[in-house]
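See below for the structure under consideration.
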Amino acid sequence: MSSIAITLPDGSERSLKTGSTAADLAADIGPGLAKAALVATINGEQRDLDVPLADGDSVGLITDSSDDGLEVLRHSTSHVLAQAVLALWPGSTFAIGPAIDDGFYYDFDLPGGQTFTDDDLERIDAKMREIIGADQPFIRGEVPADEGMALFEGHKYKQAIIERVTSPDAALDAEMASEVDAAGTVSFYRNSDDFIDLCRGPHVPSTGRLGHFKLMKVAGAYWRGNEKEPMLQRIYGTAWSNKKELKQHLHRLEEAAKRDHRKLANELDLVSWPNELGPGLAVWHPKGALVRKLMEDYSRDRHEHGGYHFAYTPHIAKAALWETSGHLDFYADGMYPPMELDGATYYPKPMNCPFHVMIYKSDQRSYRDLPLRIFELGTVYRYELSGAIHGLLRSRGFTQDDSHIFATREMLEDELASLLDFVLSVLRAFGFEDFQAKLSTRPPEKAVGDDEIWDMATEGLRAALEKAGLDYIVDEGGGAFYGPKIDVDVKDAIGRAWQLSTIQADFNLPERFELEYVANDGERKRPVMIHRALFGSVERFFGVLLEHYAGAFPVWLAPMQVQVLPVAEAHDAFADTVTARLRGLGYRAETIAATDPLGKRVRAGKSNKIPYVLVVGDDDAANDTVGVNARGQDVERDVSFETFAARLANDVETHA
RNA sequence: GCCCGGGUAGCUCAGUCGGUAGAGCAAUUCACUCGUAAUGAAUAGGUCAGGAGUUCAAUUCUCCUCUCGGGCUCCA
């Protein structure tokens, strides 16, 4: 047979000469595609373009306009990074280098424990561009494992990978999966006489296809992600199909940096982290505290109307409580150390749950009392690793909007459904519209509770998600040992996902604390507990809101809602009456007296992201009007006070 | 906790190849009284994160500590 038939993704067939490769197919279809194609899918599997095709193959061509193509491009760029580093640091060795979101990384071990500095990135970048300029082909080879070991003589991490993936019971981890095939043979790619890398592939045909990349940063990373293993030197980069995409990505990073809540907290005078306090401990300045109070007030109001009972509990408790709860057994590392006094040992609380359990236990409970919903804004202290601390998003002292719901098994499903509705409703009130949920089910080992209750709770959570019409993924076996859970992520204004709310069933604490209620048949039964945090932590939620709104809080949350600017000193008195009237209506308003020029005061108001900056002059004093500068909008002159007040009222009412 | 990089005025930063520091903004005072994103001038403000070492001399070099940032790990 001198020709083969190939099926294309659209179902059409194409006839090619025997021995043709995927690259030939691309060329046959058109020169544009020949240039753009990076890899092929052959019968559903990604392969290099130089792979010969067989009669009857289904073949698709992947370009850099697809996610798959970008991934290949990034993976190939990581190889070029490795080649550059190995060339520049003789004696260095390399571990793994996968594609990741937006880019790639590669882990290295430099001789003599050397480390990269930021300056090294420039040298590496230059070397990489040299390699790309040389347009070296990526040539695949395959050898048995033992030959592979010889091929990577002196490269212990590569050898470890070969051993790992070719051992019969190799549990392939995801990171290594991109390195090799687990079929007793290993594949590698040769770019030049000096460089080969263990790799499953596929790769772009040659290094000349690459180039729109930027090395971003140097970081330490443990070999195999295990803190017991050696620390390797990781270089991160970003790579795109063209210059414009790369530029846009860098621009997005800049925009995200502008929204950094730590930067905004400083600029807007909301929160600070004095070194004197210690890592992960913040002080809330008046403006930040005001926003937080508004958030908390809103939360309390919703909970009050949602059938919750408020509670307050202490910040410390004796060791016995934490022994019963189990925290000292499995969470001691995360707890602040104990305080000894009066012959007893006290711990700061890392969680509120045991206290709410105490409230439950303070009385004999009937099924008629259930569900019992306890709510507290409870401040907890956790000893987070110093390197894990991140502004308000991860701190050592924070306030959970913590609810514990005690219910019977029979009530579980309805309760979970209404809880989820409640959570979503409150999140929407804060301007979040886009949600993604995760349902985590029973872990394969070590779980408490019988099958029946796990099923009931898991199905209850699933039903709640279905009923709410929420997108969700299932993390099989991802639940805690004490019960299944739902985590809710929200997407912010620039598309980043934040995990905020959680609803967790708990079969463990009711056992440990021997909780009971009297059922309608007089029997004593064990209730189920549900942990539910909505903001997660007030501090973290505040940080997320700050980034979501880029500091421009909606009117109902803005620490200062209106500034009134008299044009000149002659108008100070009228400005004061406008301010006083607004305050009388319950708004947060202030006059900025005419000591500075108007332009300067307008600018300051805008910089502080004040929702409304009003300017009042002669005309306004005469006609009881104001000049309205709404944040982000053009000036409106001669607006009557009443019209403006109605607009404010509407903004606050609708949370606009 | 681990790897890398930082810490200079309230803020954003410059600077000193070792001779104890500078700008802009902010603050204060004075003048200007102004209809929409920075009026002008003057003044004040710093143990150059802290400690130790080397040196005639350290903010600068070295070491340690604290702390911040980026990652890793962790977040039952």
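Convention: sequence-line order gives letters A, B, ...; per-chain numbering from 1.
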**Q.** Side-chain (A:Asp492) to main-chain (A:Ile494) donor-acceptor, under 3.5 angstrom
**A.** yes
Q: Using a 4.0 Å heavy-atom cut-off across all strands, classify A:Asn266 as base, sugar-phosphate, or nothing.
A: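 Since only primed, P, OP1 and OP2 atoms lie under 4.0 Å of A:Asn266, the category is sugar-phosphate.
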Q: Taking the six-membered ring for Trp and the single ring otherwise, decide whether the centroids of A:His75 and A:Phe104 are under 6.0 Å apart.
A: no
Q. Stems in RNA chain B: runs of 3 or more consecutive Watson-Crick or G-U pairs, distances under 3.5 Å?
A. B:1-7 with B:66-72, B:10-13 with B:22-25, B:27-31 with B:39-43, B:49-53 with B:61-65
Q) Looking at A:Tyr105, does the NZ or CZ of A:Arg234 lie under 6.0 angstrom from its six-membered ring centre and within 45 degrees of the ring axis? A) yes
**Q.** Closest to the A:Gln233 side chain, choosing from B:U73, B:G71, B:C3
**A.**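 For the A:Gln233 side chain, the nearest candidate turns out to be B:C3.
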(Q) The side chain of A:Ala388 is closest to which nucleotide in this list: B:U73, B:U36, B:C2? (A)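 Output: B:U73.
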**Q.** Which residues share a salt bridge (charged side-chain N to carboxylate O under 4.0 Å, His left out) with A:Arg123, sequence neighbours left out
**A.**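 Only A:Asp120 meet the salt bridge (charged side-chain N to carboxylate O under 4.0 Å, His left out) criterion with A:Arg123.
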Q: Using atom CD of A:Glu276 as one end and atom C1' of B:C66 as the other, report the distance to the nearest whole Å.
A: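 Nearest whole value for this atom pair: 11 Å.
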Distance below 4.0 Å between [X] side-chain N/O and [N] OP1 or OP2:
| X | N | answer |
| --- | --- | --- |
| A:Arg262 | B:G70 | yes |
| A:Lys263 | B:C68 | no |
| A:His390 | B:G70 | yes |
| A:Tyr236 | B:C72 | yes |

(Q) Return whichever of A:Met351 or A:Gly632 has its heavy-atom-nearest nucleotide of RNA chain B closer to the 5' end. (A) A:Gly632
Q.
To the nearest 0.5 Å, what is the distance between CZ on A:Arg540 and OG on A:Ser395?
A. 10.0 Å
Q: Confirm from the modelled atom types if A:Tyr383 and B:G1 form a donor-acceptor pair under 3.5 Å, side chain to base only.
A: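 There is none.
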Q.
Does A:Asp618 contact B:G35 through a side-chain donor or acceptor facing the base, at a distance under 3.5 Å?
A.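 No, the side chain and the base share no sub-3.5 Å donor-acceptor pair.
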Q | Residue from A:Phe398, A:Phe542, A:Trp273 passing ring pair (Phe, Tyr, Trp, His ring centres under 6.0 Å) with A:Trp284 | A | A:Phe542
